[in-house]
Each structure stands twice: as structure tokens, then as C-alpha cells.
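Here's the structure we're looking at; comments come further down.
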Amino acid sequence: MNDQPAPGTGCPVAHGEGVTRLYGPEAATDPHGIYARLREEYGSVAPVVLEGDVPAWLVLGYRENRRVLDNPMQFSRDSRIWRDWREGQVEDTSPLMQMVGWRPDCVSQDGEPHRRLRAAVTDNLHAVAGRGIRRHATHFAHKQIDAFAGEGRADLVTDFAEYLPMLVLTRVFGLAEGEGRTLAESSNLVIKGGADALAHNERIMRILGELAARKREEPGSDFTSGLLEHHAGLDEDEIVNHLRLVLITAHTMTSNLLARALQLMLTETSWMSGLVSGQLNLSAVVEEVMWNAPPLAVLPGRFATADLELGGCPVKEGDLLVLGLAAGNADPEIRPDAGISVQGNQSHLAFSAGPHECPGQNIGQAIIETAVDVLLHRLPGLRLAVPPEELTSTASTWESRLDSLPVEFPV
Ligand code: HEM
């Protein structure tokens with residue numbers, strides 16, 4: 001469509017008529033540039049296309065994100081009502097389906113089915129949280145640091161943040177530590193999308209299927225056994241899909257956030273000195289990152305249950321909406337001066353909102369706080385080994401990950 005709307009006045013285009021890609025080279029290097037351009041052109045909601053040229057609405061406004069997340073009756077999480085998929089425009093083998101498609105897990109459902117499945121997850125997360133998350137994180141953080149402590153330098157992405165949360169999860173799930181590397185690599189590739197996403201998902205499902213079978217025979221005091229025994233009575237498929245959901249979400253989100261928290265501390269030295277002197281605590285650092293670089297930049301999937309208007313856009317029943325959590329956090333309507341710190345304000349969108357709000361946030365934060373504590377304790381004098389402007393990130397449609405974080409320290 002050639003009719004351009006006046007800046008910020010909504011979008012007189014139909015679903016699917018946008019040509020802005022939320023994937024590919026520009027999205028990989030400058031997702032914030034794309035969000036800013038779309039906001040300028042369309043306002044708080046914009047038409048975009050996802051991998052495979054699949055149309056979606058990208059929600060950019062903070063208030064519009066909240067409206068969608070808080071209203072499951074209008075904006076369902078159940079992708080079985082997604083019109084483009086129902087009409088066969090999106091194949092079941094599309095890499096998009098790994099993030100957007102329906103599964104027998106709590107994140108794919110609304111109402112009572114959601115409550116039943118979510119309770120099985122949260123009851124068991126609560127149980128494992130009381131059984132030594134910080135102890136496992138301390139153990140594995142030391143183990144990882146031991147591998148590079150004598151060198152005087154390291155890459156805190158590949159040598160530390162990228163793998164640590166998965167090592168903790170192997171303990172929580174009752175998996176062998178050796179399976180951690182495979183699972184970490186496959187989880188990252190599922191969320192990245194692309195041709196290999198499906199094969200990596202299958203690899204994860206196979207390992208988790210074997211785990212569930214093993215724990216059925218020999219239960220232990222782990223998350224897997226807890227799910228199998230939960231009174232909600234999850235069937236075989238539901239068990240493996242919830243193990244998948246928690247494993248992928250917990251690992252990819254926590255590793256991304258840990259890397260970003262370390263980046264902030266090492267590039268803006270006032271944060272590091274505040275921490276070392278005790279004037280700041282780590283949760284303030286994490287909160288700042290939650291606002292400015294939320295690990296899930298774009299949340300996959302809500303589906304309109306009826307024709308409606310959102311941010312001036314004519315959303316039709318069955319349309320896919322993707323939620324710009326990073327864009328919403330930076331919305332000039334709520335943050336007219338983006339440079340000002342948001343300390344003490346927890347109303348960011350990083351954990352989502354409404355019925356699906358992340359139930360694992362305390363566990364993720366406990367892993368991060370422990371990891372940073374151990375790191376600062378073990379490596380006094382830790383500093384960045386390159387100028388801050390040389391640090392790069394690579395984004396997919398959904399998240400933006402720091403590529404590396406080279407550091408040096410006295411030995
Ligand atoms: C610390 C970084 C984390 C971030 C930023 C994060 C972010 C999110 C977000 C944005 C959602 C919402 C999905 C939606 O609305 O559709 C979510 C859901 C979820 N998260 Fe997290 N997460 C984190 C850590 C974790 C951890 C450590 C776990 C488990 C140990 C976890 C388990 C889950 C589960 C099970 C759901 C689905 C909840 C539902 O559908 O009711 N997350 N997370």
C-alpha cells in the first residue's frame with residue numbers, strides 16, 4: 001500500500017501489507033533502529049513480516065503491550081485460532097512454529113487449561129527453588145571459573161554466561177551434567193529460528209523424553225519427578241512439552257540476562273564501583289537491564305479473538321500479534337527521557353504481564369546474583385579487555401544476544 005499514514009497516527013493498512021522484516025540482516029544488527037522507524041511511521045502498532053514472510057502486527061507501545069497481555073479474552077495465547085496457519089499459509093515445519101505454534105504446554109493455552117498446567121509448573125518450581133538453586137549455581141560458577149582463572153583473560157559469554165544456567169538446570173531436572181552442552185546449544189538454536197530450529201527441537205525432545213521415562217522408573221527429588229507426580233495428572237506429551245518449555249525458557253533467558261548484566265557492570269564503571277562498595281545491590285543492575293535490554297525482545301504470539309482496533313490498526317480475528325517488549329520498555333510515552341535510570345521501578349515488560357507472566361523470575365535472578373557474586377569474589381580487578389564500543393550483538397526476531405565479552409584480570 002502506498003498511502004503512508006501521518007507519523008504516529010496509527011496504520012491505515014490491513015494485516016499483511018507491511019513489508020518491514022523482523023528477520024534478516026538489518027534485524028540481526030539493528031533491531032532498535034527498526035522499532036524506532038516503525039514507531040515513527042505507524043505509532044504504537046505496526047505491520048511487519050516474520051521469517052517466511054508471515055504477516056504479524058508488532059506492538060510497540062507500552063500501554064498497547066499491557067492491553068494485549070492483560071486481556072486474554074481479546075488476545076488469546078492459543079495459536080489454533082491463527083488464521084494464516086489454519087488456511088495453510090504457514091507450514092507445520094516452518095521454523096516459526098517452534099516459537100509461535102501450538103503445543104500441549106501452559107504457554108499455549110488460556111483459562112482453566114492454562115491454570116491447571118501452570119499450577120503443575122509453579123508448584124514444582126517452588127519446590128526446586130527451595131532445594132539449592134544458589135548452591136548449584138555456586139558450584140558450577142566456581143567450576144567454570146577454575147577453567148580460565150589461571151589465564152588472566154576470558155570471554156564471559158562463551159566461558160561463563162552462555163552455559164552456566166543450563167548446568168544448573170541439569171541438576172534441577174535430574175539430567176547428567178554432560179548433556180548440558182548439547183541442550184544449551186540446541187536451546188539457543190531453537191529460539192534463533194532458521195533452517196536448523198526443527199532438528200534442534202527434536203534433539204531436545206528426545207533427551208527429555210528419555211529423561212521422563214527414566215524418572216518414571218526411578219523418581220528422585222527433581223523437577224521432572226515432581227511434574228510426573230503432580231496431582232494435575234499431566235499426560236506423556238504434556239510432561240515432555242513442559243520440560244521443554246522450562247528448559248528452553250529458563251536457559252536462554254537467564255544466560256542472555258547474565259551476559260547483559262555483566263556487560264553493564266563492565267562498561268559503565270559506576271555500576272561496578274557501586275556494587276563493590278556495597279552502595280548498589282545486584283538486583284538494581286538486573287532491573288536496569290530488564291528495562292533497556294530485556295532478554296526476550298519480542299514475545300511470540302497472541303491471536304485476536306475478534307475484529308478490533310489496536311493503536312489505530314484494524315486487527316482482524318485470527319491475526320497474529322507479536323509483542324515488542326524491548327520497544328514497549330523504551331516507549332517515549334512512558335519514558336520521555338530514555339537516558340534516565342529506572343532504578344526502583346519494576347513495571348518493565350521483560351517478564352511479560354497478565355496470566356502468563358513468568359513464574360521463574362526468582363530462579364533466574366538467583367542464578368544471576370550467585371554467578372556475579374562468585375565471579376567478583378574470585379576475580380578481583382576484573383575489567384573489560386576491549387573498548388566498550390567494540391562489543392557486538394546478534395539478534396533474531398525474538399532476542400538480541402551479546403556475541404562476546406572479553407575480560408582480563410590479574411592472576
Ligand atoms: C530470568 C530471565 C527470564 C525472563 C526475562 C523470562 C521471561 C519470560 C516471559 C516474557 C514469559 C511470558 C510468556 C508469555 O507471556 O507468553 C515467560 C514465561 C515463562 N517462563 Fe520465564 N523468563 C525468565 C526466566 C525463567 C526461568 C528461570 C524459568 C524456570 C525456571 C522460567 C519459566 C517460565 C515459564 C514456565 C513460562 C510460561 C508461563 C505461562 O505460560 O503461564 N522463566 N518468561
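All values reported here derive from a predicted model rather than from experimental measurement.
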Does a donor on one side chain and an acceptor on the other come within less than 3.5 Å for Glu162 and Asn188? yes
In terms of heavy-atom contacts, does CD of Glu112 have more than 12 from other residues, nucleotides or ligands at under 6.0 Å? yes
Donor-acceptor side-chain pairing of Ser393 and Arg260 below 3.5 angstrom: yes
Please determine if Glu357 and Arg118 form a salt bridge, counting it only when a charged side-chain N lies under 4.0 Å from a carboxylate O. no
Side-chain touch Lys316/Arg83, heavy atoms, less than 4.5 angstrom: yes
If we ignore angles and hydrogens, is there a donor and acceptor under 3.5 Å between the side chains of Ser255 and Arg401? yes
Please work out whether the ring planes of His32 and Tyr35 are parallel, tilted or perpendicular, with thresholds of 30° and 60°. perpendicular
Glu64 versus Leu60: any side-chain heavy-atom pair under 4.5 Å? no
Tell me if a side-chain donor or acceptor on Trp291 pairs with a main-chain N or O of Asn345 at a distance below 3.5 Å. yes
If you measure from the Lys or Arg side-chain nitrogens to the Asp or Glu carboxylate oxygens, is any gap between Glu333 and Arg39 under 4.0 Å? no
Answer yes or no: is there a donor N or O on one side and an acceptor on the other, between the side chain of Asp155 and the main chain of Ser404, under 3.5 Å? no
cation_pi(Arg77, Phe303) dist<6.0 Å, angle<=45: no
Polar side-chain atom of His242 near backbone of Glu238 as donor-acceptor pair, under 3.5 Å: yes
Ser76 side-chain N/O to Pro72 backbone N/O, donor-acceptor pair under 3.5 Å: no
Is it true that Arg103 and Asp105 make a salt bridge, defined as a side-chain N closer than 4.0 Å to a carboxylate O? no
Any donor-acceptor pair under 3.5 Å from Arg134 side chain to Ile367 backbone: no
Heavy-atom check, side chain of Leu296 versus side chain of Ile191, under 4.5 Å: yes
Tell me if the CD atom of Glu229 is crowded by more than 12 foreign heavy atoms within 6.0 Å. yes
Step-by-step side-chain hydrogen bond (donor to acceptor under 3.5 Å, both in side chains) determination, Asn201 to Gln98: CA-CA 8 Å; Asn201 187 63; Gln98 296 306 319; 3.2 Å; yes
Considering only NZ, NE, NH1 and NH2 on the basic side and carboxylate oxygens on the acidic side, decide whether Asp146 and Arg378 come within less than 4.0 Å. yes
Presence of salt bridge, Glu408 and Arg383, under 4.0 angstrom: yes
Whether Thr305 side chain and Met73 backbone form a donor-acceptor pair below 3.5 Å: yes
Determine the minimum heavy-atom distance between Gly226 and Asn124, stating which atoms define it. CA-OD1, 3.1 Å
Between Glu390 and Pro387 (side chain of the first, backbone of the second, donor and acceptor by atom type, cut-off under 3.5 Å), is there such a pair? no
Hey, are Lys192 and Glu399 close enough for a salt bridge, meaning a charged N less than 4.0 Å from a carboxylate O? no
State whether Glu210 and Lys215 are salt-bridged, where the test is any N-O pair (Lys NZ or Arg NE/NH1/NH2 against Asp/Glu carboxylate O) under 4.0 Å. no
Applying side-chain hydrogen bond (donor to acceptor under 3.5 Å, both in side chains), run through Asp373 and Thr370 and close with a yes or a no. CA-CA 5 Å; Asp373 263 1; Thr370 310; over 6 Å; no
Note: Leu234 and Leu227 closest approach over all heavy atoms is CD2-CD2, 4.1 Å
Near Arg86 CZ, under 6.0 Å, is it more than 12 heavy atoms from other residues, nucleotides or ligands? no
Derivation of the side-chain contact (heavy atoms from CB on, under 4.5 Å) call for Arg216 and Glu236: CA-CA 11 Å; Arg216 221 179 265 286; Glu236 200 85 23; 3.3 Å; yes
Quick one about Asp92 and Trp85 (side-chain donor to acceptor, distance below 3.5 Å, no hydrogens or angles considered), yes or no? yes
Determine whether Ser79 and Arg302 satisfy the following criterion, side-chain hydrogen bond (donor to acceptor under 3.5 Å, both in side chains), listing intermediate values before the conclusion. CA-CA 7 Å; Ser79 65; Arg302 295 295 191 267; over 6 Å; no
Taking atom types as modelled, find out whether Asp53 and Tyr23 have a side-chain donor-acceptor pair closer than 3.5 angstrom. yes
Any donor-acceptor pair under 3.5 Å from Asp159 side chain to Ile145 backbone: no
Show the numbers, then the answer: is there a side-chain contact (heavy atoms from CB on, under 4.5 Å) between Asn292 and Asn329? CA-CA 7 Å; Asn292 296 332; Asn329 279 350; over 6 Å; no
State whether the side chain of Glu309 and the backbone N or O of Gly312 hold a donor-acceptor pair below 3.5 Å, judged by distance alone. yes
So, are Glu185 and Arg203 salt-bridged, with charged N and O less than 4.0 Å apart? yes
Backbone N or O of Gly61 within a donor-acceptor pair of the Ser44 side chain at under 3.5 Å? no
Are the side chains of Arg153 and Phe148 in touch, meaning some heavy atoms are under 4.5 Å apart? no
